[in-house]
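Residue numbers start from 1 in every chain, and the chains themselves are labelled A, B, ... in the order their sequence lines are given, proteins ahead of strands. FYI, side chains are in, hydrogens and waters are out, and symmetry mates aren't considered; it's all heavy atoms of this structure. What you see is a predicted model, and the numbers here were worked out from it, not measured in a lab.
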Amino acid sequence: MSVRVRYAPSPTGLQHIGGVRTALFNYFFAKSQGGKFILRVEDTDRERYSDESLQDLYDTFNWLGIEWDEGPDKGGEYGPYVQSERFDLYKKYAQQLVDEGKAYKCYCTAERLENLRAEQQKDKKSQQGYDRHCRELTAEQQAEYEAQGIKPVIRFKVPLEGKTVFNDVILGDVKRKNKDISPDPVLLKSDGFPTYHLANIIDDHFMKISHIMRAQEWLPSGALHVLLYEAFGWEPPAYCHLPMVMGKDGQKLSKRHGSTSLRDFIAKGYLPEALINYVSLVGWSYDDSREFFEKEDLEKLFVLEKLNKAPGVFDYKKLDWFNGQYIRKLSDEDLKSKIVPYLQDAGRVNNPPTSEQENMLDGLIPIVKERLKLLSDIVPMTSFLFGDLAEYPVEDLVPKKKDTSAALDILKLGRSLIEKMTELDDEQLEEEFKALSESSSYKLGDLLSPLRVAVTGSRVSPPLFASIRLLGLDKALERIDSAMVILDK
RNA sequence: GUCUCCUUCGUCUAGUGGUUAGGACACCGGGUUUUCAUCCCGGCAACAGGGGUUCAACUCCCCUAGGAGAUGCCA
C-alpha cells in the first residue's frame, strides 16, 4: 500500500508549534516511505476563517522548506484541496446517510441546545451532550418544523449499543462503548457547511489517505470516525495519534506559555533547521545518543515505531541551545545575510547597507557568532557600535575590590596602550597589556574591565580590541576620555 | 460528572525480564579565555505507589493515585 498522508489545518489562526510538528511528522513519514504528503485546507468554519491565516500557512512552510506533493497551490489528482470547494460532495454523502436512515435532520435551535448544556453542567449529569431530541421525528413533525422555516442540521445516528474498536499504530487497540461516544454529532451545519467529522472522513477517503497522523486531542473522535467509515461502507485508514505538546505546567501548549506561533519564532531569530531538529525530538527519538538531525536526515530516518505515547513538554531552553548550535554551523556569509534584516529593522543599518557598513558587518560576524543564541540577539549585543553609547552605571567602571582612583589610573594606562592599536595587532596588543599587568599591581582582567565598560557601556561585550577596531579608534578614545571625566568628578 | 489516553532524572528521552538504569538540555563545580560566550572535564538527578507473575522485574498483569485530552452547528 502506498503511503499518502496529509496535514489538514484550519485557517483560523496562525500556525503554531503543535501543528507544525504534526505536519513535520506527516511529511517525514511520507518521505521516508516514498509516499505522498498532501496539504488540505479545512476552511469549513466560516466564522473564524481569515485570509491572513491562510497566508501564514504558506509563509510558515515556505520558511521551513517543506513542500507538499499535492495541495491547493499545487493541484493533484484528488483535488480540489480546499474544503469549501468540495461542497457538493459533503452534501451528497450527508443526504445519502439520511436516506439510509443512518443520519437524521435535527431542528433544535441554538438556544435549546445551550439551555440543555447549561442544565447538564449544573446537575452534573453523567449524560452530557445532545439529548437526541430529533432522532425519531415523524414525517409530520418534520414537515411542521420545515413549515416554520427552520433550517435543520444533519446529525449522525450513533448506535446506542455495542462498542467500537480501532487500532492505533502507537497506542494499540482503543475501545469505546458506543453509548459513550458523543451523542449524534452534527455532520452538516444548518448553513450547509460540513463539520470537521464529515468533511474529514469524506476527504480522507477520496484522497486515498493511508495514515491519519494527528494529535492525541483527536483520540476521542476516533471511534466516531470509524463508525462513519462503516456507515459509508469504506475502509478506514490507519490511525496514528501523536502525543501532544505541552507547556511547562503540563497543560496544552498555548500563548500563555510564551510564543507558540511560528511567526513569533521566526521573528525572534530561530533558524528553521534548529526548530525542525528540536521539534522532531519531542515525541520522537532515534536512538540513545544521536540528537542532531537535519531535515534531510529525518526524511530518511523517520519511523513510526519510535514515536512516543506520552505527551512532551516544550522546552524553550533546549530549542535555544539547538539554535546556538546551528548558528555556529553557519558560514560567515550566511550568518551575515540572516543578521542584516534585524539590524535594518532596528534602524542600525541601511537597506542596502553602505560599503562602510558592509565592512563593519564583515568584521562583526566572527566575534558574535559564538555568542548568539537567537539572531535577534545581534541588536542588543552590538548597540554600542551604532550611534551614541547608552548611559551606564558609573560604578561599572570600577573593577571589583578597587576604588575610583584605581579605575582612573587604569583608564589612563590603558588608553596609552590602546593608542598603539594602529601599529599592533590584537595579539601584540594583548602582550602589551599582559606586560603592564605584570609590572603593575593590576590583574589583566582589572586592566581591561574599565576600558570595556568605557567603550561598550557594559561589563559584558564581544572581545574588546576587535570591538574597538570596529567602532573606530577615535571614537573609542573619546569614550575613554569621557569616562575619565565622569570618574574625576 | 462521564469517557479515553498517559506515567524513567526539573525537562526531552534510551531501555523491550538479568544494565553500576545510558545520553541531551537545564542547573552546580572546575579548566581554557581580556569579560561574556564557545570549547573541554566533572557533578547533581529518575523507573508514581501497592499488589501479583517469575529464580529474576523499569520492562508482563491488576489496582490505586496523579496528569492530560475530549465531552460544540471549532477544528
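Whole-Å rounding puts the A/Tyr278 OH to B/A26 C1' distance at 12 Å. To the nearest angstrom, P of B/G69 lies 18 Å from CD1 of A/Ile170. Distance CD1 (A/Ile327) to P (B/C39): 13 Å, rounded to an integer number of Å. In this structure, A/Asp320 places its CG atom 14 Å from C1' of B/A37, rounding to the nearest Å. We find that NE2 of A/His197 is positioned 10 Å from P of B/C74, with the value rounded to whole Å. Rounded to an integer number of Å, the gap from A/Tyr326 OH to B/U38 P is 17 Å. Rounded to whole Å, atom P of B/C12 lies 14 Å from atom OH of A/Tyr316. Remark: P of B/C73 and OH of A/Tyr49 are 24 Å apart, rounded to the nearest angstrom.
Nucleic acid contact for A/Pro9: none, since no nucleic acid atom lies under 4.0 Å from a heavy atom of the residue. Looking at heavy-atom distances under 4.0 Å, A/Ser285 makes contact with sugar-phosphate atoms alone, never a base. A/Gly324 comes within 4.0 angstrom of no nucleic acid atom, judged by non-hydrogen atoms across all strands. Contact annotation for A/Lys373: no contact, since no heavy-atom pair falls under 4.0 Å across all strands. No contact: A/Arg290 has no heavy atom under 4.0 Å from any strand. Counting non-hydrogen atoms under 4.0 angstrom, A/Ser449 reaches nothing in the nucleic acid. Residue contacts for A/Leu464: at a heavy-atom cut-off of 4.0 Å it reaches a base atom on one of the strands shown. Among the protein residues, A/Gln325 comes within range of the sugar-phosphate backbone only, with heavy atoms under 4.0 Å from sugar or phosphate atoms but none that close to a base. Nucleic acid contact class of A/Gln251 (heavy atoms, under 4.0 Å, all strands): sugar-phosphate only. Using a 4.0 Å heavy-atom distance criterion, A/Pro463 is classed as a base contact. Nucleic acid contact class of A/Cys108 (heavy atoms, under 4.0 Å, all strands): base. If you check every strand for non-hydrogen atoms under 4.0 Å, A/Lys151 touches nothing.
Side-chain atoms of A/Val313 lie closest to B/C12 of the nucleotides B/A37, B/C12, B/A75. The nucleotide whose nearest atom lies closest to any side-chain atom of A/Val153 is, among B/A14, B/C73, B/C6, B/C73. You'll find that the side chain of A/Leu171 is closest to B/C6, out of B/C6, B/U35, B/C3. Closest to the A/Glu42 side chain, of the nucleotides B/A14, B/G69, B/A75, is B/A75. Distances from the side chain of A/Asp45 to the nucleotides B/C3, B/C25, B/A75 place B/A75 closest. Of the candidate nucleotides B/C25, B/A70, B/C5, B/C5 has the atom lying nearest to any side-chain atom of A/Val174. Of all nucleotides listed (B/C3, B/C6, B/G69), B/G69 comes nearest to the side chain of A/Glu217. Set against B/G15, B/A68, B/G72, the side chain of A/Met246 has B/A68 as its closest nucleotide. Comparing B/A70, B/U35, B/A26 by their closest approach to the side chain of A/Lys252 singles out B/A70. Taking the side chain of A/Trp321 as heavy atoms from C-beta on, and the options B/U11, B/C3, B/A26, the nearest nucleotide is B/A26.
Classification of the A/Tyr58-A/Trp68 ring pair by plane angle, with boundaries at 30° and 60°, yields tilted. Aromatic ring pairs are classed by plane angle as parallel below 30°, tilted from 30° to 60° and perpendicular above 60°; the pair A/Trp284 and A/Phe293 is perpendicular. Between A/Phe29 and A/Phe302, the two ring planes are perpendicular [angle over 60°; tilted spans 30° to 60°].
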Problem set entry | Worked check of side-chain contact (heavy atoms from CB on, under 4.5 Å) between A/Met246 and A/Phe314 | CA-CA 6 Å; A/Met246 315 302 243; A/Phe314 191 85; over 6 Å; no

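Under the Watson-Crick or G-U wobble criterion, with both distances below 3.5 Å, B/C73 has no partner in any strand shown. In a base pair of the Watson-Crick type (N1 to N3 plus N6-O4 or O6-N4) or a G-U wobble (N1-O2 and O6-N3), with each distance short of 3.5 Å, B/G17 is matched with no nucleotide. The partner of B/U53 is absent, by the rule that a Watson-Crick or G-U pair needs both atom distances under 3.5 Å. B/C39 and B/G31 make up a base pair, with Watson-Crick or G-U wobble contacts both under 3.5 Å. Across all strands shown, B/C58 forms no Watson-Crick or G-U wobble pair with both distances under 3.5 Å. Checking B/U11 for Watson-Crick or G-U wobble geometry (two distances, each under 3.5 Å) identifies B/A24 as its partner. In this entry B/C5 has B/G67 as its Watson-Crick or G-U wobble partner, both defining distances falling under 3.5 Å.
For A/Asp43 (side chain) and A/Ser84 (main-chain N/O), a donor-acceptor pair under 3.5 Å exists by modelled atom type.
Of the side-chain N and O atoms in A/Lys318, none sit less than 4.0 angstrom from OP1 or OP2 of B/U11. Distances shorter than 4.0 Å separate some side-chain N or O of A/Thr44 from OP1 or OP2 on B/A75. Between A/Arg155 and B/C73, a side-chain N or O to OP1/OP2 separation shorter than 4.0 Å is present. Side-chain nitrogen and oxygen atoms of A/Lys189 include at least one within less than 4.0 Å of the OP1 or OP2 phosphate oxygen of B/C74. Within the 4.0 Å cut-off from OP1 or OP2 of B/A14, at least one side-chain nitrogen or oxygen of A/Asn308 is found. Close to B/C74, at under 4.0 Å from its OP1 or OP2, lies no side-chain N or O of A/Gln83. Distances shown here put every side-chain N or O of A/Arg214 at or beyond 4.0 Å from the OP1 or OP2 atom of B/G69. The side chain of A/Lys306 contributes an N or O atom lying less than 4.0 Å from OP1 or OP2 of B/G15.
The P atoms of B/G22 and B/G42 are separated by 14 Å, rounded to the nearest whole Å. The separation of B/G29 from B/U19, taken at their P atoms, amounts to 35 Å, rounded to a whole angstrom. Comparing the C1' positions of B/C62 and B/C25 gives an interatomic distance of 37 Å, to the nearest angstrom. On the C1' atoms, B/C9 is 16 Å away from B/U20, given to the nearest whole Å. Across B/G15 and B/U2, the matching C1' atoms stand 36 Å from one another, rounded to whole Å. Taking atom P on both B/G50 and B/C12, the two are 23 Å apart, rounded to the nearest angstrom. The C1' atoms of B/G49 and B/C44 are separated by 25 Å, rounded to the nearest whole Å.
Side-chain atoms of A/Ser10 and base atoms of B/C74 include no donor and acceptor less than 3.5 Å apart.
Geometrically, A/Arg40 does not engage A/Tyr7 in a cation-pi contact defined by less than 6.0 Å to the ring centre and at most 45° from the axis. Taking the ring centre of A/Phe292 as origin, the terminal cationic atom of A/Lys329 falls inside the region bounded by 6.0 Å and 45° from the ring axis.
When ring centroids are compared, A/Phe193 and A/Phe87 come within the 6.0 Å threshold.
Side-chain contact, A/His257 with A/Asp249: a donor N or O sits under 3.5 Å from an acceptor N or O.
Crowding of A/Gln148 atom CD: a count of heavy atoms from other residues, nucleotides or ligands under 6.0 Å exceeding 12.
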